[in-house]
Number of protein chains: 2
Amino acid sequence: MPAVRPVADLTASRTDWCDTILKGDCVAALERLPEHSVDAIFADPPYNLQLGGDLHRPDQSKVDAVDDAWDQFDSFQAYDAFTRAWLLAARRVLKPNGTIWVIGSYHNIFRVGAKLQDLGYWILNDVVWRKTNPMPNFRGRRFQNAHETMIWASRDQKAKGYTFNYEALKASNDDVQMRTDWLFPICTGAERLKGADGAKAHPTQKPEALLARVLMASTRPGDVVLDPFFGSGTTGAVAKRLGRHFVGIEREQAYIDAATARIDAVEPLDNPELAILTGKRAEPRIAFVSLIEAGLVAPGLELSDAKRRWTARVRADGTVAVGNEAGSIHKMGARVQGLDACNGWTFWHFDRKGAPTPLDALRQDMRQRMAVAAA
Amino acid sequence: MPAVRPVADLTASRTDWCDTILKGDCVAALERLPEHSVDAIFADPPYNLQLGGDLHRPDQSKVDAVDDAWDQFDSFQAYDAFTRAWLLAARRVLKPNGTIWVIGSYHNIFRVGAKLQDLGYWILNDVVWRKTNPMPNFRGRRFQNAHETMIWASRDQKAKGYTFNYEALKASNDDVQMRTDWLFPICTGAERLKGADGAKAHPTQKPEALLARVLMASTRPGDVVLDPFFGSGTTGAVAKRLGRHFVGIEREQAYIDAATARIDAVEPLDNPELAILTGKRAEPRIAFVSLIEAGLVAPGLELSDAKRRWTARVRADGTVAVGNEAGSIHKMGARVQGLDACNGWTFWHFDRKGAPTPLDALRQDMRQRMAVAAA
DNA sequence: GTTAGTCCTGAATCTCTTA
DNA sequence: ATAAGAGATTCAGGACTAA
């Protein structure tokens with residue numbers, strides 16, 4: 001399925017880059033992609049910051065073995081410049097309501113996080129991937145490094161319309177909110193891509209389960225997910241399986257070959273399986289007055305709260321009256337309780353066969369009618 | 001026990017500052033302390049939360065936010081300058097083989113980590129404090145922020161002689177290495193310091209169990225532990241109990257008073273090296289979605305109750321669909337039976353070799369996979 | 001005394017649409 | 001652009017009260 005394209009051949013046509021792997025430098029490729037063209041980004045950038053032993057700059061050029069403080073600073077600086085460049089280019093490509101995930105370890109994640117903030121990204125959460133089976137610390141001189149950190153950020157502070165499938169996550173998690181600490185095994189066994197020699201095809205292949213949760217949480221079917229450090233193509237494989245589109249950027253042909261074969265073998269899920277649970281937020285809005293117009297509520301109907309402490313009376317204009325005052329069901333619910341906000345749909349009840357029933361039940365009936373009428 | 005001293009009166013004599021609280025500005029106080037004089041530092045600096053307006057719980061009660069003046073900074077730049085100044089001053093005071101711990105959240109920890117690296121500190125681990133009882137995300141727009149991050153660093157890369165009580169930690173952890181993810185409740189109940197009015201004495205008091213593990217891991221009895229943001233004095237209280245010395249720096253008299261009384265009441269342990277490191281056991285809670293992520297359950301799988309009266313279909317989002325409706329395994333189990341509640345794990349079955357098998361069997365398999373060496 | 005129900009609170013960067 | 005109105009949203013644990 002995924003074609004491979006040299007970056008130089010890229011045009012603005014979506015068919016030219018969607019569900020493909022762009023071969024070349026990450027920043028150069030990002031700069032050729034159209035502005036505001038992807039819904040989400042998942043990035044697993046290199047963090048070769050190891051300052052002992054062989055030292056490589058992010059561009060893979062070798063650094064003379066020096067271990068003084070100045071060289072450390074120099075190396076961090078190079079890493080920061082690299083990070084800034086790709087995060088900036090990625091931000092241009094991201095849609096205004098898109099979000100970005102970056103995964104890293106303590107070697108690089110602090111620098112990445114600071115740069116994200118510097119460039120105007122707005123951090124939504126940091127998420128910890130707890131490993132069930134991390135590598136032990138062999139020297140016994142530190143804690144067992146048992147997690148990695150992901151940062152989830154929107155394009156900027158004001159972007160409130162980002163995708164977050166809150167209700168689905170909660171329903172899939174024993175009906176409690178999904179937390180920021182996730183537990184997954186590292187990628188081993190059959191899932192781990194091997195080369196012809198049996199050696200692992202990529203040193204840092206991420207588990208598909210991790211990507212699945214990321215994409216199920218923050219994207220919708222049909223969205224485009226960009227991975228600027230495509231590597232073994234986990235992002236592409238999971239995106240395809242879950243009915244999302246992907247774009248990968250990768251420099252090394254060996255990784256491109258492995259990822260291509262891997263993604264080709266993925267069978268996408270059917271549409272019904274991909275539906276995402278949504279909550280009230282996604283329901284069409286109903287004006288209270290429309291219940292009166294539809295005859296579901298008669299003017300003059302008496303309302304009360306669930307414990308019958310306060311009563312109100314429905315007026316023909318869609319407001320309710322409490323004593324001499326009148327206003328929306330929400331306003332008056334707040335007023336009687338002395339609060340500054342109230343959901344009138346769930347606060348006010350009417351009598352149905354002797355049982356206090358919330359107005360929300362009538363709203364459901366109304367939505368049913370509208371759905372039937374539309375069909 | 002702890003005397004309080006104005007910074008101006010400080011001399012180089014250790015008796016002049018050990019087991020005392022220095023009242024004044026953090027950097028000024030650090031600059032008056034002797035070079036290379038403390039074995040460890042634990043710092044809980046302001047997080048720079050950048051809160052917007054008020055936040056209310058769904059029941060309309062207002063969240064008591066951390067809106068203190070000491071947490072307000074004009075910009076990331078201002079916060080960086082502040083961070084750099086105190087980390088630099090702290091580094092001078094730290095012994096060559098000393099280590100520093102800094103705790104923070106995603107608001108500030110990335111900036112702190114980057115500055116630590118810039119200044120020559122060498123990160124040994126990042127440690128995640130998982131909270132058993134974090135505050136929920138009330139608006140349902142993000143993941144529940146359920147952890148904070150601590151960075152543990154040596155004074156520089158070449159410092160190999162830092163204290164790490166590997167064997168003691170392992171022995172106290174069911175004979176497996178201590179991991180970087182720690183589980184503790186937040187500080188509440190009797191441990192939480194209250195003012196005369198019953199209000200919390202400090203907005204961000206840390207649990208003693210957290211500090212106990214930090215000090216047991218990285219200090220020895222008789223060591224001096226510095227806390228440049230002393231606050232309610234948790235570091236001092238735990239240090240005293242575990243037979244370590246402390247130095248606190250704090251600006252606000254109210255916090256100094258609370259910490260002084262608190263530390264006075266602490267009784268040191270006879271054998272601090274035998275102190276038990278208490279932590280919560282990791283609870284093996286399994287989310288239904290994790291079965292899907294792990295490939296144990298495929299989207300599209302048909303479920304039914306034991307007597308095959310009702311069927312449901314698994315979706316990729318971790319919910320199950322019955323007809324046009326979808327929800328958690330528990331909600332939909334209750335729905336089809338017309339009940340208020342239902343245990344979806346035991347109610348829903350799938351076909352295994354012709355026999356209806358409850359989802360709970362797969363949960364058992366999952367528990368095996370997710371078993372983590374003791375928390 | 002026991003148990004069940006209610007209330008309170010914690011480092012929080014917490015909405016969306018229409019006028 | 002800003003402002004205002006509609007209306008959607010919570011988990012664990014300790015303290016307290018009522019049965």
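Naming: A, B, ... by sequence-line order, numbering from 1 per chain.
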Legend entry - Outermost DNA chain D nucleotides near chain A [under 4.0 Å, heavy atoms]: D/dG5 to D/dC11
Inset, instruction - Using the closest heavy atom to pick a nucleotide of DNA chain C for each, name whichever of A/K307 or A/N125 lands nearer the 5' end. - result: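 Closer to the 5' end of DNA chain C: A/K307.
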Inset, instruction - For B/D44, report the nucleic acid contact type (base, sugar-phosphate, nothing); a contact means any heavy atom under 4.0 Å. - result: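 Here B/D44 touches the bases of the nucleic acid.
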Legend entry - Polar contact flag, side-chain donor to acceptor under 3.5 angstrom, A/D126-B/H147: yes
Legend entry - Length of the line joining B/F110:CZ and C/dT13:C1', which is rounded to integer Å: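 Checked: the CZ to C1' distance equals 13 Å.
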Inset, instruction - Starting from C1' on C/dC8, measure out to NZ on B/K194 and report it in whole angstrom. - result: 11 Å
Legend entry - Strand partner of D/dA12, provided both Watson-Crick or wobble distances fall under 3.5 Å: C/dT9
Legend entry - Contact residues, residues 58-80 of chain B to DNA chain C [heavy atom, < 4.0 Å]: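 The answer is B/V63, B/D64, B/A65, B/V66, B/W70, B/D71.
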Residues two or more places apart in sequence or in another chain: which of them pass salt bridge (charged side-chain N to carboxylate O under 4.0 Å, His left out) with [X]?
X	answer
B/R251	none
B/R335	B/E325
B/R363	B/D360

Legend entry - Protein proximity profile, nucleotides 14-19 of chain C - base contact B, sugar-phosphate-only contact S, no contact -, cut-off 4.0 Å on heavy atoms: BBB---
Inset, instruction - Would you please indicate if the ring centroids of A/W152 and A/Y162 are separated by under 6.0 Å? - result: yes
